[in-house]
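Below you'll find the structure, written out as structure tokens, and then a few comments.
The figures that follow rest on heavy atoms only: side chains count, while hydrogens, waters and symmetry mates do not. For clarity, every value in this text was computed on a predicted model and none was experimentally measured.
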Amino acid sequence: MQTFAGPVFASLRRSLDITEEEYQRSLSSHGCYLQFISNSKSKADFFLTNDKRFFLKTQNTREVTFFLSNLKAYMDHLEKYPHSLMVRFLGLYSIQIPNKTKKYFIVMQNVFYPDERINTRYDIKGCEVGRWTDPASTENPVTKILKDNNFEGKHIILDKQRSWLVDQVEIDSAFLRSLNVLDYSILLAHQPLHQDELDRKHSFSNLSMRTVKPMDQDSPAEEDPPTIPLLEGYSARLASDTIDSGLDHVQNTGEHSGHGIPLQEVNRTDAELLEFQAHHRRLLPNLKNSVHVIDGPKLRYFVGIVDFFTVYGVKKRQENLWKSLRFPGRAFSTVSPATYSQRFCQWVKDHTK
């Protein structure tokens, strides 16, 4: 067995508060992995760990080479946008069994974790050809994935968080376009919010006051005050009101803000807000898988961008020509990265409220 770029993936796991003990325990539990029977054209094998926290997928040599050559760009993107919707890859490995072909596989976060209340899952590409799954099939509900055409007539209801989602999808798809890739998907699921979760949504003090930790730093010292990742909208206005009232009081007293906060602390909060907006962060729920969870008024959504290893090379260009002749005027997946990205973002705009 061989590990690739071990220190890089270890730093990413630390940034997500995944300890090495947790990671090893999930991957090496006594229970069997749950195999995911996929109709993917890549013929990859898919597995879920027994606790359903991590997802394993076999990769071919071309995909591994592509990913390693773009690993720095991927990590830089996550560093710049720590709340990116792109799935977090946590490890890349190969296994050589005697008299067998070497197998490469990647470990990633399961976008749909925890899934106790999820009963419907979607894989969305923003096109129509070949994008239907029979919902009456007898597949295991944990592994059955519906597609674009199954979602028609439905919407993702986010209210105030809609603009954040639309903007972040545009940021992530622009990055993928720069890598000259296509055929990536949004994994999507939802579950009803319980009454206690709805109650907490209306209490700012009970929301998670944290962001993803920087990937090149250890955990902050206990005495360090938390960074408050504020949303645009009501929470951003709350912070603005707090800062403004503090500054008014400082002007009157010359010493402290209206809440007894020293002026340097007010200035620090202001700077953190500017940094927060520059990195397009949002207020995260207090969950293990928080970067992939977005709460709407009534539903909790699980959202992640996956499968971004398909390069628009000669073979895909030929496939594009062939499909253009076979499916004139219809939307299929094999198009240029620029067209794919634009259509992908448009789907999100059209299907969110």
Side-chain angles (χ1 to χ4, degrees), residues 36-46 55 57 63 85-87 108 110-112 115 118-158 165-166 168-170 172-173 176-177 179-191 292 294 299 301-313 315-353:
F36 184 108
I37 308 301
S38 171
N39 58 2
S40 169
K41 292 181 290 184
S42 67
K43 296 182 172 58
D45 294 317
F46 300 82
F55 197 69
K57 180 184 178 184
E63 291 169 332
L85 295 169
M86 293 175 61
V87 70
M108 66 191 83
N110 176 17
V111 172
F112 301 140
D115 72 343
I118 296 175
N119 53 28
T120 306
R121 299 160 173 80
Y122 295 90
D123 178 299
I124 302 294
K125 292 183 183 292
C127 57
E128 59 165 315
V129 175
R131 304 300 298 164
W132 169 262
T133 297
D134 182 4
S137 65
T138 58
E139 291 180 52
N140 185 325
V142 174
T143 59
K144 179 164 60 176
I145 304 291
L146 304 181
K147 298 181 180 178
D148 301 57
N149 293 333
N150 299 97
F151 197 82
E152 281 308 304
K154 302 178 177 67
H155 287 87
I156 304 167
I157 310 298
L158 292 176
L165 176 68
V166 169
Q168 189 59 54
V169 169
E170 289 181 343
D172 289 335
S173 62
L176 295 174
R177 184 171 67 245
L179 298 183
N180 196 38
V181 298
L182 67 155
D183 222 24
Y184 42 90
S185 304
I186 285 183
L187 290 184
L188 173 66
H190 62 74
Q191 65 186 29
H292 292 303
I294 307 176
L299 296 177
Y301 293 91
F302 296 78
V303 185
I305 299 177
V306 299
D307 294 340
F308 35 85
F309 293 151
T310 303
V311 178
Y312 193 58
K315 184 177 178 181
K316 287 297 175 182
R317 292 173 188 273
Q318 292 173 341
E319 186 178 336
N320 169 262
L321 178 59
W322 178 78
K323 287 187 175 180
S324 298
L325 297 173
R326 183 175 181 184
F327 305 110
R330 298 183 64 190
F332 49 84
S333 62
T334 312
V335 293
S336 71
T339 301
Y340 195 95
S341 172
Q342 181 181 20
R343 188 176 64 192
F344 191 75
C345 294
Q346 190 61 50
W347 187 97
V348 174
K349 291 176 182 177
D350 292 343
H351 291 83
T352 53
K353 292 184 177 179

Do [X] and [Y] come close enough that some side-chain heavy atom pair is under 4.5 Å?
X    : Y    : result
F302 : I118 : yes
V181 : T310 : no
R121 : D115 : yes
T133 : N150 : yes
K147 : W132 : no
I294 : I156 : no

More than 12 foreign heavy atoms under 6.0 Å from CD of E170: is that the case here?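 Atom CD in E170 is packed in, count exceeds 12.
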
Take a 6.0 Å sphere around NZ of K315 and say whether it holds more than 12 heavy atoms from other residues, nucleotides or ligands. no

Do S185 and D123 have side-chain atoms, one donor and one acceptor, less than 3.5 Å apart? yes

Quick one: does any side-chain atom of [X] pair with a main-chain N or O of [Y] as donor and acceptor, under 3.5 Å?
X    : Y    : result
N149 : R131 : yes
S341 : P337 : no
H155 : H351 : no
D148 : K125 : yes
Y312 : R177 : no

Among L188, L187, I145, exactly one meets side chain to side chain contact (heavy atoms under 4.5 Å, CB included) together with Y122. Which residue is that? L188

Can you tell me how far [atom2] of [Y] sits from [atom1] of [X], rounded to the nearest 0.5 angstrom?
X    : Y    : atom1 : atom2 : answer
T334 : F327 : OG1   : CZ    : 9.5 Å
S333 : R343 : OG    : CZ    : 7.0 Å
M108 : K57  : CE    : NZ    : 6.0 Å

Could you walk me through whether I124 and F344 satisfy the side chain to side chain contact (heavy atoms under 4.5 Å, CB included) test, starting with their C-alpha distance in whole Å, then the side-chain angles of each, then the deciding distance to 0.1 Å, before giving a yes or no? CA-CA 9 Å; I124 302 294; F344 191 75; 5.7 Å; no

Apply salt bridge (Lys or Arg N to Asp or Glu O under 4.0 Å) to E319 and K316, showing your working. CA-CA 5 Å; E319 186 178 336; K316 287 297 175 182; 3.2 Å; yes

Give the minimum heavy-atom separation between L182 and V335, together with the two atoms involved. CD1-O, 3.2 Å

Kindly state whether the ring of Y184 and the ring of Y340 have centres lying under 6.0 angstrom apart.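 Yes, close enough.
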
